[in-house]
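Throughout, a chain's letter reflects where its sequence line sits, starting with A, and its residues are numbered from 1. Keep in mind the model is a prediction, meaning the values are calculated, not measured. Only heavy atoms go into these numbers, but all of them, side chains included; no hydrogens, no water, no symmetry mates.
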2 protein chains.
Amino acid sequence: MEFSEAKNKFIQTWGALGSQWGINKTMAQIHALLMVAPDALSMEDIMEELQISRGNASMNLRALMDWGIVYKEYKAGERKEFFIAEKDLDELAVKIAQERSKREIKPALKVLKDVSSGVKNDTSAEAKHFTAQTEKLYDFVLKADNMIEKVTEMKENWIGRLVMKIMK
Amino acid sequence: MEFSEAKNKFIQTWGALGSQWGINKTMAQIHALLMVAPDALSMEDIMEELQISRGNASMNLRALMDWGIVYKEYKAGERKEFFIAEKDLDELAVKIAQERSKREIKPALKVLKDVSSGVKNDTSAEAKHFTAQTEKLYDFVLKADNMIEKVTEMKENWIGRLVMKIMK
DNA sequence: ATAAAGTTTCATTATTTTTTGAAAGTTTAA
DNA sequence: TTAAACTTTCAAAAAATAATGAAACTTTAT
């Protein structure tokens, strides 16, 4: 297999996987590209390689930076901005877990709490079942979210320790 | 809050959450509806409640059954089919994890293995970096997938034990 | 065997999401 | 201060995804 073929296959697959997980294709592709790039890439480089417009590149790079998994880098003597991906996979996993928890799980928990405790003065079997069921769901999602938090804390500490060790 | 209002809010939220996680809105809404329904619902009931077409209801019910999180139920004397949701949340989580692993992670692993071990006779720095990086990614995703497997096995055994206990 | 009751399929239509590109905005060097 | 180099925004267009509904199919009771 040619290198360019392999690279392309990797970027396409990562993009498709992103879509399936609710992350847009271009965002996932840019991330994939940066993950395997040995050096920081400019917006031009990215547009060229993925054949996408400037606006698209700009918006998705911003999104990746908001997620904390891509960083800007300035090169001496260059006016352009360059971009690099978080390449530590543990760190990547932690960041993604934290962002999804913050953006999706937390708001869902709020709604679950509201609806499970909000129905008053309705003694129908349907209403009672609803309240019981949504309460269970609230507890379950809360536990799952706490578990994610625990795991990411653990990873962060582990990474923290590693960083300390390296920097001495 | 009225019961109908709470119910609606729950179904809408669950649907929106589904979209964000790459599951279509109607599929998630049907699941939400069945989760809080005290009894099995017919396709008519579901169409009525969610204001969706027969075709849409049929296809998404099929998808939910393929995922193993909704079951058909036949009522004595009724020709119609009725549907109920998996209500055990541990079981639900296990099923979803298993399906996503099978449908998305396993195929991704295959591609990662192919591209990480497929580039030969290219000594450029870029190619070397690519191979190293995709290898790391392969190992990481493989480990994550194994972890999911371990956790679901554990949950399954726990459920198995519980079922045994109940049935004596 | 057949007709009624019910379900599934799939070409077409509608909706949602993503992408484009040109205009507006920003920063930097001189 | 200004103009060149670069980035961001956002309305409009394109692409992708989901929903409809009528026809085809299946099952069941007689």
Return the value, rounded to whole Å, for the distance between atom [atom1] of [X] and atom [atom2] of [N].
X	N	atom1	atom2	answer
Gln29(A)	dA16(D)	CD	P	11 Å
Asn60(B)	dT8(C)	CG	C1'	13 Å
Leu50(A)	dT19(C)	CG	P	11 Å
Trp21(B)	dT17(D)	CH2	P	19 Å
Ile52(B)	dT15(C)	CD1	C1'	15 Å
Ile46(B)	dT8(C)	CD1	P	12 Å
Met65(A)	dT8(D)	CE	C1'	11 Å
Met59(A)	dT8(D)	CE	P	11 Å

Can you tell me if Glu78(A) uses its side chain to pair, donor with acceptor, with the backbone of Lys80(A) under 3.5 Å?
->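 Pair absent, no side-chain N/O of Glu78(A) close to backbone of Lys80(A).
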Is the backbone N or O of Lys128(B) less than 3.5 Å from a side-chain atom of Thr131(B), with the two atoms forming a donor-acceptor pair by type?
->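 Not at all, since once roles are kept as given, no pair shorter than 3.5 Å links the two residues.
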Between the protein and nucleotides 5-7 of chain C, list every N/O to N/O distance that falls short of 3.5 Å.
unit_1: dA5(C); atom_1: N3; unit_2: Arg79(B); atom_2: NH2; d: 3.3
unit_1: dT7(C); atom_1: OP1; unit_2: Glu81(B); atom_2: N; d: 3.2

Between Phe3(A) and Phe130(B), ring centroids under 6.0 Å |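 Aromatic pair counts; centres sit under 6.0 Å.
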Charged N to carboxylate O below 4.0 Å: is that the case for [X] and [Y]?
X	Y	answer
Glu91(A)	Lys95(A)	yes
Glu2(A)	Lys120(B)	no
Glu99(B)	Lys102(B)	yes

Given side chains that start at C-beta, do those of Ile105(A) and Arg100(A) come closer than 4.5 Å, heavy atoms only?
->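 A side-chain contact under 4.5 Å is absent here.
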Might you list the N or O atoms of the protein lying below 3.5 Å from N or O atoms in nucleotides 16-18 of chain C, with each pair's distance?
none

Distance under 6.0 Å and angle within 45° of the ring axis: does Arg62(B) meet both against Trp67(B)?
->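 Relative to the ring axis of Trp67(B), which defines the angle, Arg62(B) lies outside at least one limit.
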Tell me who clusters with Met1(B), hydrophobic residues only, linked when side chains sit under 4.5 Å apart either directly or through other members.
->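 None, because no other hydrophobic side chain comes under 4.5 Å of this residue.
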